[in-house]
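One structure below.
Every chain is numbered from 1, with letters handed out A, B, ... down the list of sequences.
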Number of protein chains: 2
Amino acid sequence: MKKIDILKKLRSSGLRPTKQRVEIARFLFEREKTFHFTVESLNKFFEKKTTSKIALATIYNTVHAFKNAGHLSEVEVRGKKTYFDTNVSNHHHFYDSDTSELIDIDANDVIIQKIPKAPNGKKIKNIEVFINLKN
Amino acid sequence: MKKIDILKKLRSSGLRPTKQRVEIARFLFEREKTFHFTVESLNKFFEKKTTSKIALATIYNTVHAFKNAGHLSEVEVRGKKTYFDTNVSNHHHFYDSDTSELIDIDANDVIIQKIPKAPNGKKIKNIEVFINLKN
DNA sequence: TTTTCACTTTAGAATCATTATAAACTAAAA
DNA sequence: TTTTAGTTTATAATGATTCTAAAGTGAAAA
């Protein structure tokens with residue numbers, strides 16, 4: 001992902017490109033593959049990089065702005081922490097509760113044949129398939 | 001559900017049948033249909049019944065014992081509160097984020113035709129289909 | 001029956017993730 | 001420059017959950 005795209009992501013999220021936000025955005029989006037993270041894991045990463053300490057509140061704010069702009073999705077995982085995904089396309093997940101690891105499943109790798117119709121005046125927004133793993 | 005079954009549920013969860021636990025168990029299991037609840041909703045119910053006030057910690061302990069014994073399941077819902085379900089059979093859910101309401105979907109009403117195979121030495125424990133609703 | 005002892009309940013404290021706050025900081029525009 | 005709106009930050013507040021320690025309860029032994 002090019003620098004200009006990073007700036008575009010920030011602008012489209014209503015965020016000025018400050019030093020902290022650019023760092024967060026680069027860490028999230030300058031990679032080959034999409035990935036999953038929690039605010040805690042992001043925070044740990046920036047704590048290790050002694051060059052740049054970013055306040056927890058800034059990480060929360062920035063991540064939420066990206067999420068609201070549609071640049072991040074939130075994954076349905078039982079538990080305390082919120083998992084985010086830089087893959088915002090429609091897709092599904094494996095979840096390994098032993099390692100707390102999420103693995104993406106491409107939307108094309110799941111075909112659902114039969115689905116009940118939505119109740120009383122409601123419509124289906126989206127369908128998430130969650131496959132729990134064991135050893 | 002008969003009284004003896006209530007006692008059975010308690011015993012099989014490793015719980016002595018105390019007054020508080022019997023009350024909780026009866027509220028959860030003495031009904032025609034299964035239902036969803038949170039610890040908060042249970043607590044509110046017992047607060048209203050002025051005859052019997054049950055400490056929050058007791059509710060948490062009892063609910064967890066039932067869950068560990070397999071008499072309750074925990075539903076995958078994004079958000080702070082934990083949702084429990086007295087339906088412990090394999091099934092799926094609609095979720096209405098407007099009302100925070102969960103609706104059961106019978107396992108037979110969802111047919112999945114294609115599924116990716118589990119990664120590296122892992123097996124599939126179970127599959128949860130979660131259908132988000134909108135208006 | 002009384003005693004014992006393990007199990008329970010309870011209120012309140014502690015914890016953990018997250019959100020809010022308010023003061024100090026930054027930077028673009030007037 | 002000065003202004004002004006937007007930012008970062010440390011810390012406080014919140015809310016769900018878990019822990020703790022003291023007081024309560026009850027089944028079974030003596």
Side-chain angles (χ1 to χ4, degrees), chain A residues 6-7 9-27 36-47 49-69 72-85 100 102, chain B residues 6-7 9-27 36-47 49-69 72-85 100 102:
Chain A
I6 291 292
L7 297 181
K9 278 222 166 26
L10 285 165
R11 272 197 295 275
S12 62
S13 307
L15 300 176
R16 280 190 192 170
T18 64
K19 187 163 66 72
Q20 293 88 337
R21 286 167 176 171
V22 169
E23 265 208 78
I24 294 172
R26 292 186 61 188
F27 180 70
H36 304 100
F37 64 93
T38 63
V39 167
E40 189 194 21
S41 70
L42 273 193
N43 190 231
K44 274 195 183 128
F45 173 79
F46 289 114
E47 272 177 352
K49 293 187 66 189
T50 41
T51 45
S52 60
K53 194 176 127 219
I54 301 180
L56 196 55
T58 301
I59 297 176
Y60 271 104
N61 291 338
T62 306
V63 164
H64 281 145
F66 283 142
K67 191 204 148 193
N68 292 336
L72 291 175
S73 62
E74 204 178 316
V75 186
E76 215 70 58
V77 184
R78 174 162 49 212
K80 301 187 184 182
K81 279 174 223 152
T82 302
Y83 283 75
F84 294 94
D85 194 340
S100 298
L102 278 170
Chain B
I6 291 293
L7 296 181
K9 277 220 164 29
L10 285 165
R11 272 197 296 275
S12 62
S13 307
L15 298 176
R16 281 189 192 169
T18 64
K19 188 164 65 75
Q20 292 87 338
R21 287 167 176 170
V22 170
E23 265 209 78
I24 294 171
R26 291 186 62 188
F27 180 69
H36 304 101
F37 64 93
T38 63
V39 167
E40 188 194 21
S41 72
L42 275 193
N43 189 231
K44 274 195 184 129
F45 174 77
F46 289 113
E47 272 177 350
K49 292 186 66 191
T50 41
T51 44
S52 60
K53 195 176 124 217
I54 300 180
L56 197 53
T58 300
I59 297 176
Y60 271 103
N61 292 339
T62 306
V63 165
H64 282 146
F66 283 143
K67 192 204 147 192
N68 293 334
L72 291 174
S73 62
E74 203 179 316
V75 187
E76 215 70 58
V77 183
R78 179 162 47 214
K80 303 188 182 181
K81 280 174 224 152
T82 302
Y83 283 76
F84 295 94
D85 194 340
S100 299
L102 278 170

Figure out the [atom1]/[atom2] separation between [X] and [N], and round it to whole Å.
X: A:Phe46; N: D:dT9; atom1: CZ; atom2: P; result: 11 Å
X: A:Phe84; N: C:dA17; atom1: CZ; atom2: C1'; result: 11 Å
X: B:Glu47; N: C:dT10; atom1: CD; atom2: C1'; result: 14 Å
X: A:Ile24; N: D:dT7; atom1: CD1; atom2: C1'; result: 12 Å
X: B:Asn43; N: C:dA11; atom1: CG; atom2: P; result: 11 Å
X: A:Asn61; N: D:dT11; atom1: CG; atom2: C1'; result: 14 Å
X: B:Leu10; N: C:dC7; atom1: CG; atom2: C1'; result: 14 Å
X: A:Leu15; N: D:dA5; atom1: CG; atom2: C1'; result: 15 Å

Q: Classify the ring geometry between B:Phe84 and B:His64 as parallel (under 30°), tilted (30 to 60°) or perpendicular (over 60°).
A: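 Perpendicular, since the angle between the ring planes exceeds 60°.
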Q: Give the ring-plane orientation class for A:Phe27 versus A:Phe45, where under 30° counts as parallel, over 60° as perpendicular and anything between as tilted.
A: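 Judged by the thresholds at 30° and 60°, the geometry between A:Phe27 and A:Phe45 is parallel.
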Does [X] have a side-chain nitrogen or oxygen under 4.0 Å from the phosphate oxygens OP1 or OP2 of [N]?
X: B:Tyr60; N: D:dT17; result: yes
X: A:Gln20; N: D:dT9; result: yes
X: A:Thr18; N: C:dA27; result: no
X: B:Thr82; N: D:dA16; result: no
X: A:Lys53; N: D:dA10; result: yes
X: B:Arg21; N: C:dT9; result: yes
X: B:His64; N: D:dT18; result: yes

Q: Assign each of A:Pro17 and A:Leu56 to its nearest nucleotide of DNA chain D by heavy atoms, then name whichever residue's nucleotide is nearer the 5' end.
A: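 It is A:Pro17 whose nearest nucleotide is closer to the 5' end.
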Q.
Nearest to the side chain of B:Arg16, heavy atoms from C-beta on, is which of C:dT18, D:dA16, C:dC7?
A.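 That would be C:dC7.
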Q: Could you please name the option among D:dT9, D:dA5, C:dA17 that lies closest to any side-chain atom of A:Glu40?
A: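 Looking only at heavy atoms from C-beta outward on A:Glu40, the closest nucleotide is C:dA17.
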Q. Starting at the 5' end of DNA chain C and moving along, which residue's nearest nucleotide shows up first, B:Ile54 or B:Lys80?
A.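 Here B:Ile54 is the residue nearer the 5' end.
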(Q) Could you check whether A:Lys81 pairs with A:Glu40 (Lys NZ or Arg NE/NH1/NH2 to Asp/Glu carboxylate O, under 4.0 Å)? (A)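 Between A:Glu40 and A:Lys81 there is a salt bridge, with a charged N closer than 4.0 Å to a carboxylate O.
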Q: Answer yes when A:Lys19 and A:Glu23 have at least one side-chain N-carboxylate O distance shorter than 4.0 Å, and no when they do not.
A: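 No, A:Lys19 and A:Glu23 are not salt-bridged.
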Q.
Can you give me the closest heavy-atom contact between B:Asn43 and B:Ile54, atom names plus distance?
A.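 Where B:Asn43 meets B:Ile54 most closely, the heavy atoms are ND2-O, 3.8 Å.
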